[in-house]
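Heads up: the structure comes next, in structure tokens.
Chain naming here is simple, since letters A, B, ... match the order of the sequence lines and numbering starts at 1 in each.
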Protein chains: 2
Amino acid sequence: MIALDDIDRAILRGLQHNGAARASDLGKKVGLSQPATWRRIKRLEEGGVLRGRRVVLDAKKLGFDVTVFLGIKLATKGRVALEDFERAAAAIPEVQLIQHVLGLYDYRLKVVARDISDFERVLRRRVMTLPGVGDVEANVLLSDEHRKLAI
Amino acid sequence: MIALDDIDRAILRGLQHNGAARASDLGKKVGLSQPATWRRIKRLEEGGVLRGRRVVLDAKKLGFDVTVFLGIKLATKGRVALEDFERAAAAIPEVQLIQHVLGLYDYRLKVVARDISDFERVLRRRVMTLPGVGDVEANVLLSDEHRKLAI
DNA sequence: CCTGAAATCCCCCTGTA
DNA sequence: TACAGGGGGATTTCAGG
């Protein structure tokens with residue numbers, strides 16, 4: 001939790017609207033000069049609030065037509081078991097996201113594959129053979145919509 | 001699916017490594033001049049492969065200490081029911097991601113809240129009152145790790 | 001079509017008040 | 001904080017492959 005004023009929040013909102021926004025444009029929106037805006041962005045980066053910029057790729061246009069979320073329950077849950085699982089899951093190229101969660105499942109994996117048969121290959125040869133895997137539940141992604149943090 | 005050569009893929013890999021990378025830096029990596037690299041990036045953007053750049057914010061440092069994934073099963077699933085649900089879910093500020101999925105659940109929502117009691121408020125007053133909501137399952141996020149698309 | 005080189009524009013970034 | 005200058009990236013133009 002870091003002290004932010006209204007202008008910082010306005011800058012963050014602007015950056016959420018457009019991750020490639022320039023300091024000069026943001027400055028006009030928030031009523032600040034370009035250098036002042038740039039220094040605030042720098043401060044937000046150094047403070048860790050702004051962790052970086054990520055490109056958004058269109059998986060479908062790259063030939064990955066199938067995205068599946070897997071809920072995974074581990075059979076054994078010691079510290080070593082968690083580390084083994086995470087390391088092995090990270091070695092699967094099709095795994096885009098590894099989330100350690102608390103609830104009905106222990107992990108959630110986001111898996112991309114070229115098509116359903118490609119996904120079946122990944123599921124059977126890679127996911128089901130991960131160390132400690134117990135129950136696995138799958139949800140195929142149909143569509144998704146991102147929304148901004150209300151700050 | 002768009003035709004990409006090895007250089008395009010190398011550029012995309014470089015951009016996944018650093019979303020703020022400059023055309024000149026990328027050019028050095030892929031063995032191309034700065035204008036040629038810049039034109040390829042532009043082409044990837046116009047072709048929709050590169051959908052944009054997004055800033056990564058640290059939710060914890062902004063005071064959102066709790067992230068929960070909800071799996072939601074709808075009681076009724078007509079076209080109108082889906083649209084009503086999506087519209088109402090999008091009106092909840094704490095909902096960061098709305099995923100329409102196929103499987104055990106119909107929707108997955110990513111919800112951020114300031115703390116557990118704030119999450120309880122969102123869950124009881126906003127989520128449970130969404131139109132058509134049936135079963136709800138929750139997973140609290142402990143940690144997550146993003147990985148790059150293998151292209 | 002693609003490329004690289006050069007030239008221009010404009011923004012970032014920094015020093016300074 | 002704003003202002004001003006140098007440096008460098010973004011963008012266009014041009015010529016060659």
Can you check the [X] [atom1] to [N] [atom2] distance for me, whole Å?
{"X": "A:I41", "N": "C:dC11", "atom1": "CD1", "atom2": "P", "result": "14 Å"}
{"X": "A:K42", "N": "C:dG15", "atom1": "NZ", "atom2": "P", "result": "13 Å"}
{"X": "B:R40", "N": "D:dA10", "atom1": "CZ", "atom2": "P", "result": "17 Å"}
{"X": "B:D5", "N": "C:dC2", "atom1": "CG", "atom2": "P", "result": "10 Å"}
{"X": "B:R53", "N": "D:dA10", "atom1": "CZ", "atom2": "C1'", "result": "12 Å"}

Filtered N/O pairs between nucleotides 12-17 of chain D and protein, under 3.5 Å:
{"from": "D:dT13", "atom 1": "O4", "to": "B:R39", "atom 2": "NH1", "distance (Å)": "3.3"}

Notebook entry, point to check: So, are B:R22 and B:D25 salt-bridged, with charged N and O less than 4.0 Å apart?
Noted result: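 Answer for the salt bridge query: no.
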Checklist line | Ion pair B:D5/B:R40, N-O distance below 4.0 Å | finding: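 B:R40 and B:D5: salt-bridged.
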Item checked: Pair A:R108, A:Q99: side-chain N/O donor-acceptor within cut-off below 3.5 Å -> no
Checklist line | Residue B:Q34, side-chain atoms from C-beta onward, closest of D:dA2, D:dT11, C:dG4 | finding: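 Closest of the options to the side chain of B:Q34: D:dT11.
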Notebook entry, point to check: With A:D65, which residues qualify under salt bridge (Lys or Arg N to Asp or Glu O under 4.0 Å), at least two apart?
Noted result: none
Check: Any link between B:L123 and B:V111 through a network of hydrophobic side chains (Ile, Leu, Val, Met, Phe, Trp, Tyr) touching at under 4.5 Å?
Finding: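 Looking at the clustering, B:V111 is in the same group as B:L123.
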Notebook entry, point to check: Who passes side-chain contact (heavy atoms from CB on, under 4.5 Å) against A:I116, sequence neighbours left out?
Noted result: A:V66
Check: Contacts to DNA chain C from residues 6-28 of chain A, heavy-atom cutoff under 4.0 Å, which residues?
Finding: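 Only A:R22, A:A23, A:S24 qualify.
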Output a table of donor-acceptor pairs, distance under 3.5 Å, between side-chain atoms of residues 67-81 of chain B and any protein atom two or more places apart or on a different chain; print 'none' if there are none.
{"from": "B:K73", "atom 1": "NZ", "to": "B:L104", "atom 2": "O", "distance (Å)": "3.1"}
{"from": "B:K77", "atom 1": "NZ", "to": "B:D106", "atom 2": "OD1", "distance (Å)": "3.4"}
{"from": "B:K77", "atom 1": "NZ", "to": "B:D106", "atom 2": "OD2", "distance (Å)": "3.2"}
{"from": "B:R79", "atom 1": "NH1", "to": "B:E83", "atom 2": "OE2", "distance (Å)": "3.3"}

Donor-acceptor pairs under 3.5 Å, side chain of residues 41-49 of chain B to any protein atom, not counting sequence neighbours: which ones?
{"from": "B:E45", "atom 1": "OE2", "to": "B:R53", "atom 2": "NH1", "distance (Å)": "3.1"}

